[in-house]
Colleague: 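Take a look at the following structure, please.
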Amino acid sequence: MVSWEELPLKNLTTVTEFLLLGFSNLQDLQLVLFAIFLCLYIIILCGNITIVTVILLEHSLHIPMYFFLGVLSVSETCYTFVILPKMLLNLLSVLRTISFTSCAIQMFFFLSFAINNCLLLGVMGYDRYAAICHPLRYPILMNWRACRLLAATCGLSGFLISMVGTTLVFILPFCNSNKIRHYFCDISPVIHLACGNTYINEMIIFICGVLVLVVPLIFICFSYVFIVSTILRIPSTEGKRKAFSTCASHLTVVIVHYGCASFVYLRPSSKVSSGKDQLVTVTYTIVTPLLNPMVYSLRNRDVQMAIRKVIGFGKFSQKTT
């Protein structure tokens with residue numbers, strides 16, 4: 001491929017906006033998709049807001065496990081807000097344009113919150129390891145200063161790595177097609193529209209993807225090896241059940257989130273398939289944020305009791321007034 005610096009100036013036509021073509025081949029189903037995605041988005045917002053509200057109001061949930069769950073819920077609410085409103089508008093619109101700057105901003109914030117979620121899931125795995133494997137040292141290992149520092153580190157790392165990835169994409173010249181075969185500005189479909197040789201940029205982005213996805217996942221796997229080993233040594237059946245139940249919700253979210261994200265980002269660019277990517281991306285941009293509050297509220301007795309308590313307190317307050 002010819003380097004973009006070597007192209008004649010008359011052949012360079014700078015792209016000022018992109019066309020988002022995601023789901024455009026499903027014209028007959030677009031109203032149905034709009035209704036489905038709108039309902040899911042409302043459920044995501046209500047679920048995550050409920051989780052955050054209950055954690056803030058219920059004193060019994062003021063422990064590291066639920067602190068990180070609250071941070072994750074806030075992050076996933078922002079994460080979906082970056083993508084879904086524009087996608088919903090596009091499903092009702094014929095002209096699905098997004099400006100060059102808006103595309104870069106969308107990619108930056110999407111990657112920031114996505115990376116933050118990956119790192120938070122790793123921290124939540126460490127929290128479960130400390131709670132189950134080192135219960136006596138747990139208050140020291142996961143004190144509030146350490147929790148805030150870990151949460152802040154995840155957020156800052158997300159923004160910094162996202163800035164690197166977004167910059168590597170948008171410093172490239174875009175002088176060919178402006179048609180993004182996706183429903184938002186993701187890395188692979190956008191960088192494939194760039195002119196010239198993108199090999200080095202893609203390699204650096206791939207290395208960042210490995211650091212963000214593989215390293216935390218390996219850390220989580222090692223944590224759960226020690227967790228399972230410790231749980232199996234618990235003498236009582238009830239103790240084993242309770243320990244496993246505190247990990248089941250986290251593991252469910254980890255498997256779905258890391259599995260889908262790894263499928264999209266940890267593979268050669270030549271293997272990109274826009275149709276499959278859109279389907280898998282729907283899973284970790286819509287299903288995972290939906291899964292998080294559903295799993296943690298349906299499977300977690302403490303959260304269920306806290307929700308009932310908060311709702312009951314609200315009804316009591318209304319009666320007394």
Side-chain angles (χ1 to χ4, degrees), residues 47-48 50-52 54-55 58-73 75-76 116-151 153-154 212-263 283-284 287-309:
N48 281 301
T50 300
I51 292 288
V52 174
V54 168
I55 290 172
E58 179 52 44
H59 184 74
S60 64
L61 299 184
H62 291 180
I63 59 176
M65 175 181 174
Y66 297 111
F67 168 75
F68 291 119
L69 175 58
V71 175
L72 182 64
S73 294
S75 180
E76 290 198 329
N116 182 45
N117 291 349
C118 288
L119 299 178
L120 276 173
L121 288 171
V123 170
M124 291 171 78
Y126 173 73
D127 173 66
R128 291 300 82 209
Y129 161 77
I132 294 173
C133 299
H134 302 284
L136 298 179
R137 295 176 56 203
Y138 181 71
I140 299 172
L141 292 173
M142 299 302 292
N143 60 72
W144 283 113
R145 184 175 179 276
C147 290
R148 294 189 187 99
L149 183 60
L150 286 169
T153 302
C154 290
V212 168
L213 289 169
V214 177
V215 174
L217 185 57
I218 291 173
F219 180 77
I220 291 171
C221 290
F222 275 112
S223 296
Y224 272 99
V225 168
F226 291 108
I227 288 171
V228 171
S229 176
T230 301
I231 290 174
L232 292 176
R233 292 199 298 268
I234 296 175
S236 67
T237 305
E238 179 61 23
K240 289 179 181 178
R241 187 200 63 77
K242 188 174 181 180
F244 272 121
S245 67
T246 62
C247 300
S249 302
H250 176 251
L251 270 178
T252 303
V253 176
V254 164
I255 291 169
V256 175
H257 185 86
Y258 279 94
C260 296
S262 298
F263 176 84
T283 304
Y284 71 81
V287 176
T288 304
L290 177 68
L291 191 68
N292 178 37
M294 295 292 288
V295 166
Y296 278 102
S297 61
L298 291 176
R299 293 186 59 90
N300 194 301
R301 188 175 298 175
D302 292 338
V303 175
Q304 291 175 9
M305 291 177 64
I307 291 173
R308 292 194 193 100
K309 187 175 178 181

Colleague: side-chain contact (heavy atoms from CB on, under 4.5 Å) with Leu141: which residues, sequence neighbours excluded?
Modeller: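 Testing Leu141 for side-chain contact (heavy atoms from CB on, under 4.5 Å), a comparison that skips the adjacent residues, returns Tyr126, Ala130, His134, Arg137.
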Colleague: With sequence neighbours left out, write down each residue that passes side-chain contact (heavy atoms from CB on, under 4.5 Å) with Val214, or none if nothing qualifies.
Modeller: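 Result, side-chain contact (heavy atoms from CB on, under 4.5 Å) vs Val214: Val210, Ile218, Leu266.
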Colleague: Quick one: does Ser223's side chain have a donor or acceptor within less than 3.5 Å of a partner on Phe219's backbone?
Modeller: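 Yes.
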Colleague: Using a cut-off of 6.0 Å, state whether more than 12 heavy atoms not belonging to Ile140 lie near its atom CD1.
Modeller: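 No.
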Colleague: Do the side chains of Phe67 and Trp144 get nearer than 4.5 Å, heavy atoms only?
Modeller: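 Result yes, sub-4.5 Å side-chain heavy-atom pair found.
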Colleague: Give the minimum heavy-atom separation between Leu61 and Tyr66, together with the two atoms involved.
Modeller: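 Reported closest heavy-atom pair: O-CB, 3.1 Å.
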Colleague: To the nearest 0.5 Å, what is the distance between CD on Glu58 and CZ on Arg308?
Modeller: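 It comes to 12.5 Å.
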Colleague: State the OG1-CZ distance between Thr230 and Phe226, to the nearest 0.5 angstrom.
Modeller: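 Rounded to the nearest 0.5 Å, the OG1-CZ separation comes to 8.5 Å.
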Colleague: Once rounded to the nearest 0.5 Å, what's the spacing between atom CG of Leu251 and atom CG of Leu121?
Modeller: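 Here the rounded value is 10.5 Å.
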Colleague: Looking only at heavy atoms, what is the nearest atom pair of Asn48 and Pro289, with distance?
Modeller: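 Residues Asn48 and Pro289, closest heavy atoms: ND2-O, 3.6 Å.
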Colleague: Out of curiosity, Tyr138 OH to Asp127 CG, how far, rounded to the nearest 0.5 Å?
Modeller: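 Going from the OH atom of Tyr138 to the CG atom of Asp127 covers 3.5 Å.
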Colleague: Taking only residues two or more places apart in sequence, or in another chain, which ones meet Thr153 in a side-chain contact (heavy atoms from CB on, under 4.5 Å)?
Modeller: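 side-chain contact (heavy atoms from CB on, under 4.5 Å) check on Thr153 returns Leu149, Ser157.
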Colleague: Please report the interatomic distance SG(Cys133) to OH(Tyr224), rounded to the nearest 0.5 Å.
Modeller: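 Atom-to-atom, Cys133:SG and Tyr224:OH are 10.5 Å apart.
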Colleague: To the nearest 0.5 angstrom, please state how far the CZ atom of Arg241 sits from the CD1 atom of Ile231.
Modeller: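 Result: 12.0 Å between the selected atoms.
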Colleague: Verify, without hydrogens or angle tests, whether Tyr258 (side chain) and Cys118 (backbone) share a donor-acceptor contact under 3.5 angstrom.
Modeller: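 A pair under 3.5 Å: yes.
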Colleague: For residues Met142 and Phe68, report the shortest heavy-atom separation together with the two atoms involved.
Modeller: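 Nearest heavy atoms, Met142 then Phe68: CE-CE1, 3.4 Å.
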Colleague: Take Val254 and Leu217 through the side chain to side chain contact (heavy atoms under 4.5 Å, CB included) test and state the conclusion after the steps.
Modeller: CA-CA 8 Å; Val254 164; Leu217 185 57; 4.2 Å; yes
Colleague: For Cys154 and Val123, which heavy atoms make the closest approach, and how far apart are they?
Modeller: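 Smallest heavy-atom distance, with atoms named: SG-CG2, 3.6 Å.
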Colleague: Ignoring hydrogens and geometry, is there a side-chain-to-backbone donor-acceptor pair from Ser75 to Val71 under 3.5 Å?
Modeller: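 Here the side-chain-to-backbone pair does not exist.
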